[in-house]
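Let me begin by presenting the structure, written as structure tokens, before commenting on it.
So that the names make sense, note that chain A is the first sequence line, chain B the second, and so on, each numbered from 1.
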There are 2 protein chains.
Amino acid sequence: MRPPDLSTRQLRAFLALAEQRNFTRAAQHSHLSQPAFSALIRTLEDSLGARLFDRDTRSVQLTPEGQLFEASARRLLDDAGQALQDLADHVALRKGRVRVAALPSLAAGWLPGVFAEYLAASPGIRVDLRDALSDACIAMVRGGEVDFALAATGAEPSAQGDLRSRRLCADGFHLVCRADHPLVREKRLTARKLAPWPFVQMARNSSVRQALDAALHPLRLNTQFEVEHLATVTGLVEAGLGISVVPALTLFHFRRDGVVTRPLPLPGLRRQLYLVQRREGSLSVAAQSLADLIVARLGELMVG
Amino acid sequence: MRPPDLSTRQLRAFLALAEQRNFTRAAQHSHLSQPAFSALIRTLEDSLGARLFDRDTRSVQLTPEGQLFEASARRLLDDAGQALQDLADHVALRKGRVRVAALPSLAAGWLPGVFAEYLAASPGIRVDLRDALSDACIAMVRGGEVDFALAATGAEPSAQGDLRSRRLCADGFHLVCRADHPLVREKRLTARKLAPWPFVQMARNSSVRQALDAALHPLRLNTQFEVEHLATVTGLVEAGLGISVVPALTLFHFRRDGVVTRPLPLPGLRRQLYLVQRREGSLSVAAQSLADLIVARLGELMVG
DNA sequence: GCGCTTTACGCTGCGCGTAAGTATC
DNA sequence: GATACTTACGCGCAGCGTAAAGCGC
């Protein structure tokens, strides 16, 4: 009672009457019978505690208080419409912002194509991409810096308390070496056969390295280099300074003359990729739709 | 359907739930049963076309779209409250502005006391006073520069087409002269007895002069001076340079030693004072209440 | 008397509360 | 099994439309 209720419906009726200055016309403009419209205005006046219109049979016009309220009513109605439109735009993917963290290998290779498809369909959405190693990706999810992450959570699959993970795919590994390398002619590749050759490793905190170490343990490789970026691996391999083993989704780095890739079907040698989000709270419509697209496209990729 | 309806009630419920994050508490905060409150939120979500809350049995929290809408909702509700409060303030005379035009004689003498009383009761109201001769006063009413005027419309009392006039009082006239003037000893004053003496006239377009001319016609006075301001009349009379005849409401100018005033009950010699406003459109609450006070106080004055 | 607003009066349906249902921990 | 949201359901009343009645010109 202390705060009188007010609805956009009342405001629209009020403004219609203020413009038409005629109950009958304003009523049909509002899709109401004239008596119903009259009652609506009366109710509004009562709840405001002020006469808004001077009506005598021949003319209807705003009182001074009505004029005062007219300005407020227009502004309120505009603002309400704006708020509704803004929300609708977000729901309809005409506006919005999605923040994604992804492993560098995904961020550089596979993900941009999906982003391009997504942005072509929803050009009003802004997408922020942070490329970082798994742990940093997950920290960003936890800290609310990103909506979700594409990472390789080595440990707990989906029970990290405040996180929720969904397994996307298991990325198989491939040998990469020069075309003139003896291993190319090897019929059947095994870990043991790789071990003697000079090897280019990724840094120890990379998901590639961790998957590799876990699968080959306790076998020791002949590590000659340990680098941060896959592009560096490419350079070293191409120069014939070593061989390496990398996940399928990173092979785009190695599609060049003189370099060969071969599937390496060793047991347990897969990099598990997960989509990670906070447990509490859902994704925004925009984030969810991007996540859905990622899942769908990655599904196709794995099948094909 | 195209513009969904929205009410302050819905916004309050939404914000209550956003704060409490618990349907039961938010419901009793809104003085509703929990199921009714639940339905209210559901209706809001449906009409907005967006899920605003993620609810599972154990926790209720805003979706990203809900967070977006929360900011809008707060602003909308604040603005609506502001508009309502502003209107209520005007109705309750805590805010407002009244513009009055009045004859100089009223503006200088009687009116300020009424204004003081009015402003003491309604300190939030601002009152603008324009002092002008009758015609100018009425022109200001017509032009919307003032809410109403206190003037002496010689001609049409209440049928000026776009104007509405209300007769306030008939201001009787008084002789003013020096205490040592022979007329002071006159038992019974008549127009003829005044005629020989040097006379101080007001300007021809003043209401005082017009009432005087109309009542005395065709008698001619011995006009020695013709001045614009009553204060000048006072000076001339006090110096013994002439006598004059002025309305009762201006006598405050002549309350000084050596000057005497005497009622002059000539037939037809009255200045009619009117409260003039536009025909169309009512006065604001503030203007109406000031007008009412003026009428009331002037009524008492005439009775007393 | 005409035009427009208000009043009168059934009626539908929205929205409430009570009570039972269901899911999650 | 306790807790909290949802569904089910009957009911009252706000709000609608139709029809009749004021009320200024």
Polar contact flag, side-chain donor to acceptor under 3.5 angstrom, D292(A)-Q288(A): yes
Whole angstrom value for the distance that separates P of dG15(C) from CG of L44(B): 12 Å
Nearest-angstrom distance from the residue atom CZ of R279(A) to C1' of dC25(C): 13 Å
When you measure from the side-chain N and O atoms of S38(B) to the phosphate of dT6(D), is any distance below 4.0 Å, counting only OP1 and OP2? yes
For the pair made of CD1 in I41(A) and P in dC4(C), what is the distance, rounded to whole Å? 17 Å
So, D162(B) and R278(B), do they make that salt bridge, N to O below 4.0 Å? no
Side chains of D54(B) and S282(A): donor-acceptor distance under 3.5 Å anywhere? yes
Check whether any side-chain N or O of R55(A) sits under 4.0 Å from OP1 or OP2 of dC4(C), and answer yes or no. no
Quick one: do the T8(B) and D5(A) side chains pair a donor with an acceptor below 3.5 Å? yes
Does the side chain of R51(B) pick up a donor-acceptor pair with the side chain of T63(B) at under 3.5 Å? no
Contact check, residues 7-29 of chain A vs DNA chain D, heavy-atom distance under 4.0 Å, returns R9(A)
Sugar-phosphate atoms are those with a prime plus P, OP1 and OP2; base atoms are the rest. Using that split, label each nucleotide of nucleotides 17-25 of chain D B, S or - for protein heavy atoms under 4.0 Å, 5' to 3'. BBB--BBBS
Can a side-chain donor-acceptor contact be found between R42(B) and S38(B) if the only test is distance below 3.5 angstrom? no
Pairing of D147(B) and R97(B) as salt bridge, 4.0 angstrom limit: no
Output all residues satisfying side-chain hydrogen bond (donor to acceptor under 3.5 Å, both in side chains) with D46(A), sequence neighbours left out; order by chain, then residue number. none
To the nearest angstrom, how far is R42(A) atom CZ from dT7(C) atom C1'? 10 Å
Nearest-Å distance, CZ (F53(B)) to P (dA4(D))? 17 Å
